[in-house]
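So you know, we letter chains A, B, ... as the sequences are listed, proteins then strands, and number each from 1.
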Amino acid sequence: MTGAGADVQFHTIPNVNDLNIRASVESGQPLTFHAGYALDDGAERLEYATDKGVIKIRRERARPSSLQYSFTGGYTWRSARDEITTRFGLSHDMHQIYSRIRTDSFMESAVSSLYGMRVTENRPWEAALCFIVSQFNNMKRIRGTIRSMVHRFGDDIETDGVEARLFPSPEAISNASVADLMACGAGFRARYIKNAAHVFAENPELSSMHGLEYDELKKRLMGIGGVGDKVADCILLFGYGKHEAFPVDVWIKRVVEEVYFNGKGQKAASIHDFANERWGKHAGYAQQYIFEFGRRNKIGVRK
DNA sequence: ACCCAGGCGGGCG
DNA sequence: CGCCCGCATGGG
């Protein structure tokens, strides 16, 4: 039993329900930009790199509430299970969340269309990099740029003859030149990326400040050059699990104006207020359903 | 050819 | 403050 890829042992996470893996990884969240997803007749598979190793997930059609996984790198079966549990929000109470965000017929449609989509919780630095790259950019190019950075700056790991790369560390990106980052397709964001990488590398406590309140943490993040209001909210939501965050991008603005303001233009601040009043501590979940449902159905797009 | 993209910082009024 | 502009570059 030797040779490339031989003998990968799979473990199981039982009783996983209300999880739409595909929607969770194809809805503009960090995994959209660097993970690999595949679906065939018998099963769906997902593979993604973290800062510690590579996680593989498999779910067979015949056993839909059982998640199978394997790992390489610095994981144990326990820590890999915890990584998956956190990453996919397996402890989120989806029934509670849905009961709070299905406030109207639009949200009913969005939830029913994307049922099981999770707000994923990624590493803070990973979220920061992905969403800085996302500014004034499109999905395909964001993906190409992040993948290129993983390829060029992620550490190699080799386990059982299988080689892969980790998600690039802040140190590695900080040490790259602006020209190198632009060669990955980062464009004018290259200097923001280098700066943010430097800040995360020099302030490792940033990566474990989940205990701070939303306001305090947002202030901290917006102090990083290249991180503004929208990207800070994305890092709070997708990097620290702050579900009250409601990032307002061009899609959210368009859809919310169309659905809730009769097509009338609103300032970002009033959209924030509206979301906080309507969805409170679950606003981030509402945001993810509005974003993806609106984008898939091109709601509010003119012409 | 042309407009747009999960924005941000800087400069001006 | 609030508004306006440039910014790199590929996708549709």
Side-chain angles (χ1 to χ4, degrees), chain A residues 23-35 110 114 117-120 122 124 126-149 176-199 218-240 242-243 245-259 265-273 275 283-303:
Chain A
S24 302
V25 302
E26 292 183 350
S27 52
Q29 304 189 48
L31 290 178
T32 305
F33 307 130
H34 65 91
L114 295 164
M117 178 176 69
R118 303 296 177 114
V119 169
T120 59
N122 309 272
E126 176 189 359
L129 177 59
C130 289
F131 286 105
I132 290 173
V133 171
S134 81
Q135 42 179 308
F136 198 52
N137 209 342
N138 62 65
M139 290 289 187
K140 288 227 167 116
R141 213 164 77 92
I142 298 164
R143 193 157 191 246
T145 299
I146 295 295
R147 291 190 153 197
S148 170
M149 287 184 180
S177 69
V178 169
D180 286 340
L181 297 174
M182 291 190 77
C184 294
F188 64 86
R189 311 156 195 86
R191 59 195 179 88
Y192 299 157
I193 292 165
K194 189 170 165 66
N195 174 253
H198 179 73
V199 172
K218 185 165 183 177
K219 209 177 301 178
R220 235 356 245 283
L221 293 170
M222 288 185 67
I224 302 172
V227 176
D229 184 79
K230 189 270 176 183
V231 169
D233 272 330
C234 284
I235 302 171
L236 285 156
L237 181 57
F238 300 107
Y240 292 95
K242 299 293 184 187
H243 287 186
F246 190 86
V248 176
D249 68 346
V250 291
W251 277 106
I252 292 295
K253 189 171 186 304
R254 264 200 300 252
V255 178
V256 169
E257 286 168 353
E258 171 81 13
V259 175
Q266 301 293 314
K267 294 189 228 173
S270 64
I271 293 180
H272 273 123
D273 292 344
Y285 249 100
Q287 183 272 170
Q288 189 56 26
Y289 279 82
I290 295 166
F291 174 81
E292 185 60 13
F293 186 72
R295 199 168 65 91
R296 288 190 185 190
N297 297 289
K298 301 191 188 310
I299 292 169
V301 177
R302 43 193 180 278
K303 286 173 67 174

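- A:Phe246 has its side chain within reach of A:Ile290: a pair of non-hydrogen atoms, C-beta onward, lies under 4.5 Å apart.
- Taking the side chain as every heavy atom from C-beta outward, A:Glu126 and A:His34 approach each other to under 4.5 Å.
- Side chains of A:Arg191 and A:Leu181 form no contact here, defined as non-hydrogen atoms less than 4.5 Å apart.
- For A:Ile142 and C:dA8, the CD1 to P distance is 17 Å, given to the nearest whole Å.
- The side chain of A:Lys140 contributes no N or O atom lying less than 4.0 Å from OP1 or OP2 of B:dA5.
- Under the 3.5 Å distance criterion, the side-chain polar atoms of A:Ser24 are left unmatched by any main-chain donor or acceptor of A:Met117.
- The CG atom of A:Asp249 lies 13.5 Å from the CZ atom of A:Phe136; values are rounded to the nearest 0.5 Å.
- Put simply, the side chain of A:Trp251 does not reach to within 4.5 Å of the side chain of A:Glu292, judged on heavy atoms.
- Among the atoms of the strands shown, none is found under 4.0 Å from any heavy atom of A:Thr32.
- Atom CZ in A:Arg189 sits about 10 Å away from atom P in C:dT9, given to the nearest Å.
- Note on A:Met182: only backbone sugar-phosphate atoms sit closer than 4.0 angstrom, heavy atoms only; bases stay farther off.
- Using a 4.0 Å heavy-atom cutoff across all strands shown, A:Gln288 reaches at least one base atom of the nucleic acid.
- Regarding A:Arg141, its CZ atom lies at a distance of 14 Å from the C1' atom of C:dG12, rounded to whole Å.
- Looking at DNA chain B, the stems built from 3 or more consecutive Watson-Crick or G-U wobble pairs, each pair with its key distances under 3.5 Å, are B:2-5 with C:9-12, B:7-13 with C:1-7.
- Between A:Leu181 atom CG and C:dT9 atom P there is a gap of 13 Å when expressed in whole angstrom units.
- Within 4.0 Å (heavy atoms only), A:Arg295 reaches no atom of the nucleic acid at all.
- Taking atom P in both C:dG10 and B:dC8, one finds a spacing of 22 Å when rounded to whole Å.
- A:Arg143 has no side-chain polar atom (N or O) that falls below the 4.0 Å cut-off from OP1 or OP2 of C:dG11.
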Practice item. For each nucleotide in nucleotides 7-13 of chain B, reading 5' to 3', give B when a protein heavy atom comes within less than 4.0 Å of its base, S when such contact involves only the sugar-phosphate, and - otherwise. Key: BSS----

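- For A:Lys253, the salt bridge (Lys or Arg N to Asp or Glu O under 4.0 Å) partners at least two apart in sequence or on another chain are A:Glu257.
- Residues A:Pro30 and A:Phe238 form a side-chain contact, since some pair of their non-hydrogen atoms from C-beta on lies under 4.5 Å apart.
- When the shell of 6.0 Å around NE2 of A:His272 is examined, it contains more than 12 heavy atoms from other residues, nucleotides or ligands.
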